[in-house]
Amino acid sequence: MTPTTPTAPTTPAAAEHYDGFLAEHYTWMLGGDLGALAAAQRAQLADWGVVPVVPGPADGSLAVDLGCGPGHTSLALAESGVDLVLAVDLSQSLLDELSAHAADVPAIRPVRSDLRTALRELVRPGSADAVVCLGDTLTHLPTRGDVAALLNDIAGALAPDGTAVLSYRDLTVPLTGTDRFLPVRSAQDRIMTCFLEYPEDYDDYTVVVHDLIHTRSAPEGAWTLHARSYRKLRLAHAWVLEQCRTAGLRVVREENGAGGGMRTVILRRAA
């Protein structure tokens with residue numbers, strides 16, 4: 001399965017960070033087992049009403065996974081009976097990983113594309129049964145205006161009975177002191193921590209994420225630190241909900257994560 005490229009997009013800083021630094025660690029960060037991650041995500045999608053609990057017969061259904069990463073959500077959608085899953089990301093490394101895992105899953109089509117144009121380029125208006133944008137992908141867009149435009153694109157792509165799901169972190173309230181250190185995962189040979197910095201140069205617009213990964217090649221070997229940084233948007237939950245309503249998306253359910261400010265919103269096209 002070869003990823004296709006409808007355009008030659010300008011790669012945002014977040015995509016460069018993932019391709020050049022995080023991609024080799026990303027599946028490990030999530031838990032390390034894409035099959036188990038896909039199974040858990042499938043159950044979550046069914047609970048949200050995005051896919052049926054029991055897959056039905058082929059009906060030409062279309063789903064779009066924006067910011068698919070290594071593809072556990074795309075795999076979950078395909079395993080739930082979706083006929084075509086457009087798995088969209090800018091990281092070629094992560095798309096290659098998905099292609100390897102989905103070699104025998106014809107429903108999945110990996111696509112390297114910029115989220116700011118992907119839906120308009122790839123999806124006929126009113127034809128998508130589901131559009132998901134999970135894992136804090138929204139905050140990777142360059143500007144809040146890009147977020148608002150994407151929400152309009154999602155509304156335009158959805159079928160009348162389609163469902164959209166967004167998950168993102170509300171980082172508008174600055175963390176202080178040691179609360180700025182966020183453990184991600186640890187193992188015998190690898191430890192990852194994020195450190196959040198709230199610089200004054202962008203006022204309340206972005207947060208700088210410093211990803212710190214310690215690795216060692218042997219159980220008793222020395223630890224080596226690898227570190228890189230990039231900026232994320234600070235999106236207020238109330239602001240995102242207002243942009244959804246402006247775009248013509250109706251909120252049908254909200255969930256708050258246990259930590260880290262993660263919000264999940266399930267949406268349908270407004271009548």
Side-chain angles (χ1 to χ4, degrees), residues 1-4 6 26-27 30-31 33-91 94-113 115 118-138 140 150-151 153-168 249 252-253 255 262 264-269:
M1 183 178 298
T2 302
T4 58
Y26 199 67
T27 298
L30 296 175
D33 185 336
L34 273 184
L37 289 164
Q41 190 69 286
R42 179 178 171 183
Q44 186 67 81
L45 291 169
D47 180 58
W48 289 334
V50 179
V51 298
V53 176
V54 179
D59 57 1
S61 54
L62 167 66
V64 186
D65 182 8
L66 297 173
C68 64
H72 60 290
T73 300
S74 295
L75 290 165
L77 288 163
E79 292 167 1
S80 299
V82 176
D83 295 301
L84 175 60
V85 181
L86 299 179
V88 179
D89 208 290
L90 266 177
S91 170
L94 291 174
L95 287 172
D96 289 344
E97 183 178 349
L98 169 57
S99 295
H101 281 283
D104 298 322
V105 187
I108 294 179
R109 178 186 165 199
V111 184
R112 184 172 185 267
S113 183
L115 267 62
L119 288 172
R120 280 173 275 132
E121 293 178 337
L122 300 169
V123 179
R124 179 170 50 83
S127 65
D129 298 281
V131 177
V132 298
C133 187
L134 306 178
D136 216 20
T137 296
L138 281 182
H140 293 158
L150 178 59
L151 295 174
D153 289 347
I154 290 173
L158 280 178
D161 57 349
T163 304
V165 184
L166 312 173
S167 69
Y168 53 91
L249 296 167
V252 296
R253 182 171 168 182
E255 294 182 359
M262 185 68 79
T264 301
V265 183
I266 296 87
L267 305 146
R268 295 188 185 276
R269 276 178 50 178

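Predicted model, so just to flag it, every value in this text is computed and none were measured.
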Q: Let me see the working for Tyr26 and Leu94 under side-chain contact (heavy atoms from CB on, under 4.5 Å), right down to the final yes or no.
A: CA-CA 8 Å; Tyr26 199 67; Leu94 291 174; 4.0 Å; yes

Q: Quick one: do Leu119 and Leu66 satisfy side-chain contact (heavy atoms from CB on, under 4.5 Å)? Show the steps, please.
A: CA-CA 9 Å; Leu119 288 172; Leu66 297 173; 4.1 Å; yes

Q. Should Gln41 and Val51 be marked as a side-chain contact (heavy atoms from CB on, under 4.5 Å) after you check the CA-CA gap, both sets of side-chain angles, and the distance that decides it?
A. CA-CA 11 Å; Gln41 190 69 286; Val51 298; over 6 Å; no

Q: Given side-chain contact (heavy atoms from CB on, under 4.5 Å), test Leu151 with Leu166 step by step and report yes or no.
A: CA-CA 10 Å; Leu151 295 174; Leu166 312 173; 3.6 Å; yes

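For the pair Leu90 and Arg112, the minimum side-chain heavy-atom distance is below 4.5 Å.
Taken from OG1 in Thr73 to CD in Gln44, the straight-line distance is 10.0 Å, to the nearest 0.5 Å. In this structure, CG on Leu86 lies 12.0 Å from CD on Glu121, to the nearest 0.5 angstrom. We find the OG1-CG distance between Thr137 and Leu150 to be 10.0 Å, quoted to the nearest 0.5 Å. With values rounded to the nearest 0.5 angstrom, Cys68 atom SG is found 11.0 Å from Leu77 atom CG. With rounding to the nearest 0.5 angstrom, the NE2 atom of His72 is 11.5 Å from the CG atom of Asp33. Atom CG of Asp89 sits about 7.5 Å away from atom CG of Leu115, to the nearest 0.5 Å.
Between Thr27 and Leu34, the shortest heavy-atom contact is CG2-CG, 3.9 Å. In terms of heavy-atom proximity, Val123 sits nearest to Ala128 at CG1-CB, 4.2 Å. In terms of heavy atoms, Leu98 sits closest to Gly71 at CD1-CA, 3.7 Å. Nearest heavy atoms, Ser167 versus Thr264: CB-OG1, 3.7 Å. The shortest heavy-atom contact between Glu79 and Ala38 is OE1-CB, 4.1 Å. Between Asp129 and Ser61, the shortest heavy-atom distance links the atoms OD2-CA, 3.2 Å.
The backbone N or O of Ser74 sits less than 3.5 Å from a side-chain atom of Asp65, completing a donor-acceptor pair. With hydrogens and angles ignored, the 3.5 Å screen pairs no side-chain donor or acceptor of Arg269 with any backbone N or O of Leu249.
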